[in-house]
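Could you have a look at this structure, given as structure tokens, before my questions?
Here is how names work: the chains are called A, B, and so on, in the same order as the sequence lines, proteins then strands, and each is numbered from 1.
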There are 2 protein chains.
Amino acid sequence: MGGTSVTSKVLALLAAFDAGHRELTLSELARRADISLPTAHRRAAELVEWGALERVGSGRYRIGLRLWEVGSLAPRAPGLRESALPFMEDLYVVTRQNVQLAVRDDLELVFVERIAGRHAVPVLTRVGGRFHLHATGVGLVLLAHAPPEIQEQVLAGPLPRYTAGTIVEPDRLRRVLAEVRQRGYAVSEQAVTDDATSVAAPVRDGTGEVAAAVSIVVQSRSARPRELAPYVLTAAQGISRALGSGPPSSE
Amino acid sequence: MGGTSVTSKVLALLAAFDAGHRELTLSELARRADISLPTAHRRAAELVEWGALERVGSGRYRIGLRLWEVGSLAPRAPGLRESALPFMEDLYVVTRQNVQLAVRDDLELVFVERIAGRHAVPVLTRVGGRFHLHATGVGLVLLAHAPPEIQEQVLAGPLPRYTAGTIVEPDRLRRVLAEVRQRGYAVSEQAVTDDATSVAAPVRDGTGEVAAAVSIVVQSRSARPRELAPYVLTAAQGISRALGSGPPSSE
DNA sequence: AAGAGGCTTCCAGTGAGTGAAAAGGCCGTG
DNA sequence: CACGGCCTTTTCACTCACTGGAAGCCTCTT
């Protein structure tokens, strides 16, 4: 469907970039987007003219500032971000651990903001990156408060295993989700890598809907996750309150 | 030129959104992008399918997470951001003033990151927003280190006045820029609003080029800008060093 | 000099894109 | 309950913007 429309070609060009390929030549661009070279050339030129792409040196393209500007207008990401950052900083100062903020997009989660502790466990995630809902603290929180049909789709779909700790059994996942709802926060122990455990709590918007999840990621060995939960909950509530009273400075 | 291409229509649709209009109906979209309603409908549908737009409720569109994700890959904004945030936080903790980070894009500057002091002077700027180069601390720094042809274009163009303090005389601006280069930092007193003064310093990338500028914005009355310059310079140097040694965690 | 690889331009054919107009929804109001 | 207004969605026939192959161009290598 629509595999040959101009729009899909333009979007394919933009989608050709990823975290590992922030600069591409025209031919790489054409190859990755699966469009002919002359067409890639024309579309790329139009994108450059508008500022969605930038030419760097001779023959290399990268995502342009104008596109980033437009992306910054996505209400679910940067709006949330503005409200959340101060509380995430507080959380970081108290715990000195990686602090993460994520939202759900369909059957995945997207990391919206992160404070990387300079001496904390290195995490694999990246702001703007996607991940499965069943294998992180934030994922469990977001999934636990997602509409039933979303939960069913995730439970029915494949649940990739990352470590021995990853929850891949639908029944067990169901029980864990119920627990998360009841307890108010999620603890995900060694579900993604063996040395990381995370504690996550839901952020609610003005209507009471769960709009995001905050978490801290701690060393599995030294972890006393349950002791850290109150801090995460406090941060989550702070963000929820800030969200409820509208974004701090929209203008 | 190209005013009727599909690409330009797609981009016009995205450009229809701004800080004051984060959600638009189809007719607003069509009107603001200046394209016919059926076309807006078709293009918007394609954008939604890809995730560049999202439909919210019935008949309202907003920028989608996928577009934000792609925008997050712009090397000049979020890459810089990751390197800069820790140092900006340090600067905020020491000074308790608004901390801003901006890059130059052609003849304007774009704010890339901001830490809004909770008790500091309210600033009009917004992450993702644009501004003139001649009327802020960061602008003066970026302009002072811009290629000569850029400087000439700015000096030749109109220099809007915001307050009595705005520098609108080309000759005076030229002198100020020389001073900024020599001194290593810029002080912009009441150039945008009467109660804000900013102190800015250049951030250099691995090659020594000025890639960005950091600044703090202080109350004009209580300001002793020169005393704050060392802090700003320290932060700028820290960011420069972090930039030079590559992004902290690209993966 | 000749070759290789990538970028850019040219060309004629064609189907994706176009706007007008009509149909379909979704309200409030008389 | 029918009416009118407003917005969204679909239909339709026309046409021009888009297409890929091929040829030209540039730059760096052998």
- From D:dC18, D:dT9, C:dT8, nucleotide with atom closest to A:His41 side chain: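 Output: C:dT8.
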
- Query: Considering all heavy atoms of both residues, which atom of A:Leu243 and which atom of A:Ala211 are nearest to each other, and what is their separation?
  - Reply: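 So the minimum-distance heavy-atom pair works out to CD1-CB, 4.3 Å.
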
- Given that B:Ile35 and A:Pro38 both sit by DNA chain C, which one's nearest nucleotide is further toward the 5' end?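 The 5'-side residue here is A:Pro38.
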
- If you check every side-chain atom of B:Ser27, which of C:dT9, C:dA20, D:dT8 has the closest atom? D:dT8

- Item | Atom pair distance, as rounded to whole Å: CG in B:Leu47 and C1' in C:dG17 | 15 Å

- Ignoring the backbone of A:Arg43, work out which of D:dT19, C:dA20, C:dA16 is nearest its side chain.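 Shortest atom-to-atom distance from the side chain points to D:dT19.
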
- Query: With no hydrogens and no angle check, is any side-chain donor or acceptor of A:Glu113 less than 3.5 Å from a backbone partner on A:Val127?
  - Reply: no

- Message: Looking at D:dC18, I'd like to know if its phosphate oxygens (OP1 or OP2) sit under 4.0 Å from a side-chain N or O belonging to A:Lys9.
- Response: no

- Query: Are any of B:Thr39's side-chain N or O atoms less than 4.0 Å away from OP1 or OP2 of C:dG19?
  - Reply: yes

- Query: Can you tell me how far P of D:dC6 sits from CD of B:Glu28, to the nearest Å?
  - Reply: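 Rounding to the nearest Å, CD of B:Glu28 and P of D:dC6 are 15 Å apart.
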
- Task: Give a yes or no on whether a salt bridge exists between A:Glu152 and A:Arg174, defined as a side-chain N under 4.0 angstrom from a carboxylate O.
- Result: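 Looking at A:Glu152 and A:Arg174, the cut-off is met.
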
- Message: Check this for me: B:Glu149, atom CD, are more than 12 non-hydrogen atoms of other residues, nucleotides or ligands nearer than 6.0 Å?
- Response: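 It does: B:Glu149 CD has more than 12 such atoms within range.
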
- Message: Of the listed nucleotides (D:dT8, C:dA21, C:dT8), which one gets closest to any side-chain atom of B:Leu26?
- Response: D:dT8

- With a 3.5 Å cut-off and just heavy-atom distances, do the side chain of B:Arg42 and the base of C:dG19 make a donor-acceptor pair? yes

- Query: Does B:Leu37 or A:Leu37 map to a spot on DNA chain D nearer the 5' end, using the closest nucleotide for each?
  - Reply: B:Leu37

- Query: At under 4.0 Å between heavy atoms, what does B:Arg55 touch on the DNA or RNA strands: base, sugar-phosphate, or nothing?
  - Reply: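 The answer is sugar-phosphate, as B:Arg55 gets under 4.0 Å only of primed atoms, P, OP1 or OP2.
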
